[in-house]
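Encoded as structure tokens, the structure appears first; notes follow it.
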2 protein chains.
Amino acid sequence: MGRPKSFEPDVVIAQAMEAFWTKGYTDTSPADLAEATGVAKGSLYHSFGSKRQLFGKTLDLYSRMQAERAEEFLARPGTAKERIRAYFMLLVDADLDGPVRRGCLAQNTLGELGGRDAEATRAAHRLEEGMIEFFAARIRQGQRDGDVGQDVDAQAQALLLQSTLAGLRVMAKTFDRPTLHRIADTAVAGL
Amino acid sequence: MGRPKSFEPDVVIAQAMEAFWTKGYTDTSPADLAEATGVAKGSLYHSFGSKRQLFGKTLDLYSRMQAERAEEFLARPGTAKERIRAYFMLLVDADLDGPVRRGCLAQNTLGELGGRDAEATRAAHRLEEGMIEFFAARIRQGQRDGDVGQDVDAQAQALLLQSTLAGLRVMAKTFDRPTLHRIADTAVAGL
DNA sequence: CTGATTCTTGACCCCTAGTTCAAGAACGTG
DNA sequence: CACGTTCTTGAACTAGGGGTCAAGAATCAG
């Protein structure tokens, strides 16, 4: 019983995520969130407790979205090299095609709050570890399929790929598309 | 004539840099800067104009310091692979040995202000381009010395190295030392 | 020693961020 | 249809952020 919510919490979290992603945690004010979600400030506080808690929800949503997309995209038909390369391109292009180059929310969060917000730091770390596991699994898959050499250390290559991808998304804030594509090409050349 | 400055501007900029580096641009208040530098707020504004302008100076100083260190370190005796690997390790270890993992000021700035502050974005970009040039030059040097194969595309490898290094410094906020060292090892293995 | 000049400083100001709250609105129940 | 419950909302509050300023302290020139 009681008055029903006038909004879908998940939708509001997604809208808040866009705001945080675009402006960063600190520079996104409660007023910004109210505008981005169409829900009044007071109501947001009633539902989510605080700006920080809402941000936590957006980080969780972001992590789930990223993980889901990576898993799905890497699983499509093709060699490990092809799929990983395509995934890198996807992220780079998505970044460059948007009105603002927002990079990766998790990485931005590490840059902004890393060290000073333990929970946000852990959330970002978990996402990175998940990505590494996806890459490693896809490389091993490639080894079973025969498109990746048996001598390749899947775990070491997965770590390197994640590192390169993280850097690529930093560089995607300032470099042009051909350069970024070239890096993606070189990154997977060793597989 | 006139009353002389009671502080060395360069020293104050260096101290402000430490503050910005540790807490980020937005989270560093004028009060923080006054404490970090030992100079009263009013005096900082008198000398530097605004928080943003002081930050600009710290970015410049940071870029110069980074470039200088990279150039010097890469030039020491050894093969290209050895020197680049040592440089990666140096940065990783410096980050992990500090009381807080601050990563790279330029990258943090891109994460925090990227896109929304044109000048800061450009400054960070210039530093990255400089790094790429250093790597490329060192690889070509290796080719002349005979420790890097003639078939290696120096520019492409330099781009990849910078991307990997940027990612490494993001990951240095949450991963442990052995993992980061392993990535550095794998990164230079292809040279 | 006087003055013009350039520094130093804390007090002060305005504005916004983050949060709380009192009033009211939309339910389900009995 | 009254009643408890859970929502909605703008107004109101507090703290602190970024910046300004008036007063005074060093300096040098004449």
Side-chain angles (χ1 to χ4, degrees), chain A residues 1-59 105 108-109 111-113 116-120, chain B residues 1-59 105 108-109 111-113 116-120:
Chain A
M1 57 171 104
R3 179 173 177 170
K5 275 199 165 63
S6 67
F7 58 85
E8 220 45 65
D10 288 346
V11 172
V12 163
I13 291 169
Q15 290 164 328
M17 183 185 79
E18 295 295 323
F20 282 128
W21 197 352
T22 303
K23 301 195 57 179
Y25 175 71
T26 310
D27 280 356
T28 302
S29 67
D32 291 330
L33 292 168
E35 188 182 347
T37 60
V39 176
K41 263 198 308 186
S43 212
L44 289 176
Y45 275 85
H46 179 73
S47 282
F48 299 103
S50 72
K51 178 183 161 184
R52 179 61 188 79
Q53 285 179 55
L54 175 54
F55 182 64
K57 298 271 194 186
T58 73
L59 265 189
L105 213 209
N108 294 349
T109 300
E112 190 179 348
L113 305 177
R116 281 170 295 128
D117 183 320
E119 202 174 311
Chain B
M1 63 172 104
R3 178 173 178 169
K5 276 199 164 63
S6 67
F7 58 84
E8 223 42 68
D10 289 346
V11 172
V12 162
I13 291 169
Q15 289 164 329
M17 182 185 79
E18 294 294 324
F20 283 128
W21 198 352
T22 304
K23 300 194 61 179
Y25 175 72
T26 310
D27 279 356
T28 302
S29 66
D32 290 332
L33 292 168
E35 189 183 347
T37 59
V39 176
K41 252 192 329 175
S43 213
L44 289 176
Y45 275 87
H46 179 72
S47 283
F48 300 103
S50 69
K51 177 183 160 183
R52 178 61 187 77
Q53 286 179 56
L54 175 54
F55 181 64
K57 298 271 193 185
T58 73
L59 265 189
L105 212 209
N108 294 349
T109 299
E112 192 180 347
L113 305 176
R116 280 170 296 129
D117 184 321
E119 203 174 311

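Numbered from 1 within each chain, the chains take letters A, B, ... in sequence-line order.
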Tell me, which pairs form a salt bridge (charged side-chain N to carboxylate O under 4.0 Å, His left out) where one or both residues lie in residues 21-49 of chain B, sequence neighbours left out?
R116(A)-D27(B), K23(B)-D32(B)
Which part of the nucleic acid does F7(B) contact within heavy-atom distance under 4.0 Å: base, sugar-phosphate only, or nothing?
sugar-phosphate
Strictly below 4.0 Å, heavy-atom distances to any atom of DNA chain C: list the hits from residues 17-30 of chain A, or just say none.
T28(A), S29(A), P30(A)
Between A120(A) and T109(A), what is the shortest heavy-atom contact and its length?
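Heavy-atom minimum between the residues: CB-CG2, 3.9 Å.
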Ignoring hydrogens, what is the shortest heavy-atom contact between L54(A) and A16(A)? Give both atom names and the distance.
CD2-CB, 4.0 Å
All pairs passing side chain to side chain donor-acceptor pair (under 3.5 Å) where residues 43-58 of chain A contributes a residue, at least two apart:
R52(A)-D117(A)
With sequence neighbours left out, which residue pairs that include part of residues 8-22 of chain B fulfil the side chain to side chain donor-acceptor pair (under 3.5 Å) condition?
E18(B)-R102(B), T22(B)-R102(B)
So, using side chain to side chain contact (heavy atoms under 4.5 Å, CB included) as the criterion, who are the partners of A14(B) when residues are at least two apart?
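Applying side chain to side chain contact (heavy atoms under 4.5 Å, CB included) to A14(B) gives L61(B).
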Qualifying residues under side chain to side chain contact (heavy atoms under 4.5 Å, CB included), relative to A36(B), sequence neighbours excluded:
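A36(B): side chain to side chain contact (heavy atoms under 4.5 Å, CB included) contacts with A19(B).
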Can you list everything that forms a side chain to side chain donor-acceptor pair (under 3.5 Å) with T26(A)? Sequence neighbours excluded, please.
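For T26(A) the side chain to side chain donor-acceptor pair (under 3.5 Å) partners, ignoring immediate neighbours, are E112(A).
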In whole angstrom, give the distance that lies between atom CG of L33(A) and atom P of dT16(C).
17 Å
Covered region of DNA chain D, 5' end to 3' end, by chain A [heavy atoms, under 4.0 Å]
dT5(D) to dA12(D)
Would you call the rings of F55(A) and F20(A) parallel, tilted or perpendicular, where under 30° means parallel and over 60° means perpendicular?
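The rings of F55(A) and F20(A) stand perpendicular, inter-plane angle above 60°.
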Hey, what do you get for CG (L59(B)) to CD1 (I13(B)), rounding to the nearest 0.5 Å?
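Those atoms lie 11.5 Å apart.
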How would nucleotides 9-14 of chain C be written as a contact map, 5' to 3', with B for base contact, S for sugar-phosphate-only contact and - for no contact, using protein heavy atoms under 4.0 Å?
BB-B--
